[in-house]
Amino acid sequence: MVNTTQRIYNILHEKYDSQKWWPTTLTGDLHPTYHGKKHNETQQFEIIVGTILTQNTSWKNVEKAIFNLNNNKLLSIEKIKKTKQEKIAELIKPAGYFNQKSERLKILSEYLYKKTIKELFSQPINKLREELLSIKGIGPETADSIILYSANKATFVIDTYTKRIFSRIGLCKKEIKYEELQQQITTELPRTTKLFNEYHALLVELAKRHCKTKPECNECPLSTICKKKI
DNA sequence: CGCCAGGGCCTCA
DNA sequence: TGAGGCCATGGC
């Protein structure tokens, strides 16, 4: 038995292939665990930085910011902890919200300086999520992105794209709450890190190509199962 | 020029 | 607890 949630994945994966997230432009050898060996802590931290920077921001802009940080040798917990917030803000300017995000990176670095990533990630998912959410600047999506893409644990990431796509298809209401949609999707899929990783990335790809705020349903691979006809 | 981008916090009923 | 304002750059 294949449900609609699974069909969506099958169609998207057939069409767009594996996305190999989390994307990193700096280190070509950075890849998810299931593609090879595990991330080291430097790589895990780089992904965490990315999850903060990409909050309500296009990845293109985030790339510039990460590039700047890396160029200044600041892409580490110790360095960001030591560097003044103003300096961080200046470097991540292209990613927008630079005052907020530089503060968040500072707070996070202070936190991870005291409690190592290894220690943090060694917990079961629900404890890890709870702890991440207690950190200022980390909400549900950022927490789940960190758990899935940095810690490589099976948590499904919900974002505006996920809500948009699933509500347009007719699988949920527009106003559905984060945890509710997360619960719904999770129960309809085999709980594996690889699947959750690819699925979220594929939804992002679909949203960028077709399911935009102003949808372009022409040639959308999901048009056959989507209720929205535009 | 306006809209939107891989959210989250704060405030105020 | 939920809606609304705020944060900000860059691509189109």
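Below, read A as the first sequence line, B as the second, and so on, with proteins coming before strands; counting in each chain starts at 1. The structure presented is a predicted model; accordingly, all values stated were derived computationally and were not measured.
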Nearest listed nucleotide, side chain of A:Phe98, among B:dG8, B:dA5, C:dA8: C:dA8
Where each residue is assigned the nucleotide of DNA chain B containing its nearest heavy atom, which of A:Ile135 and A:Thr57 is assigned the position nearer the 5′ end? A:Thr57
A:Lys64 vs C:dG11: side-chain N/O to OP1/OP2 distance below 4.0 Å: yes
What I want to find out is whether A:Arg129 reaches A:Glu179 closely enough, with some N-O distance under 4.0 Å, to be called a salt bridge. yes
What heavy-atom pair brings A:Glu198 and A:Asp17 nearest, and what distance separates the two atoms? OE1-O, 4.4 Å
Take the protein atom NZ of A:Lys101 and the nucleotide atom P of B:dA5, then report the distance between them rounded to whole Å. 13 Å
Close aromatic pair by centroid cut-off 6.0 Å: A:Trp59 and A:Trp21: no
Any strand is fair game: report the nucleotide pairing with C:dG11 by Watson-Crick or G-U wobble, both distances under 3.5 Å, or none. B:dC3
Tell me which of A:Tyr97 and A:Lys60 sits closer to the 5' end of DNA chain C, going by the nucleotide each one is nearest to. A:Tyr97
Specify the separation, in whole Å, of atom CG of A:Leu105 and atom P of C:dC7. 19 Å
If you look at every strand shown and take non-hydrogen atoms under 4.0 Å, does A:Leu203 touch a base, only sugar-phosphate, or nothing? nothing
With a cut-off of less than 4.0 Å, is there a side-chain N or O of A:Thr160 near OP1 or OP2 of B:dG7? yes
Which of the following nucleotides, B:dC9, B:dG8, B:dA5, is nearest to the side chain of A:Arg164? B:dA5
For A:Tyr9 and A:Tyr199, take the angle between the two ring planes, folded into 0 to 90°, and tell me which bin it lands in: parallel under 30, tilted 30 to 60, perpendicular over 60. tilted
Just how far, in rounded Å, is C1' of B:dG8 from CG of A:Asn99? 15 Å
Output the rounded distance in Å from CG (A:Asn56) to P (C:dG5). 15 Å
So, is A:Thr142 close to the B:dG8 phosphate, meaning a side-chain N or O under 4.0 Å from OP1 or OP2? yes
Rounded distance (Å) that lies between atom P of C:dA3 and atom NZ of A:Lys177: 10 Å
Between P of C:dG2 and CD1 of A:Ile176, the distance in whole Å: 13 Å
Students often get this wrong, so: under 4.0 angstrom with heavy atoms, is A:Gly139 touching a base, only sugar-phosphate, or nothing? sugar-phosphate
Under 4.0 Å between a side-chain nitrogen and a carboxylate oxygen: does that hold for A:Lys114 and A:Glu110? no
Between B:dC9 (P) and A:Ile52 (CD1): distance, integer Å: 9 Å
Nucleotide B:dA5, atom P - distance to CD of A:Gln100 in whole Å: 18 Å
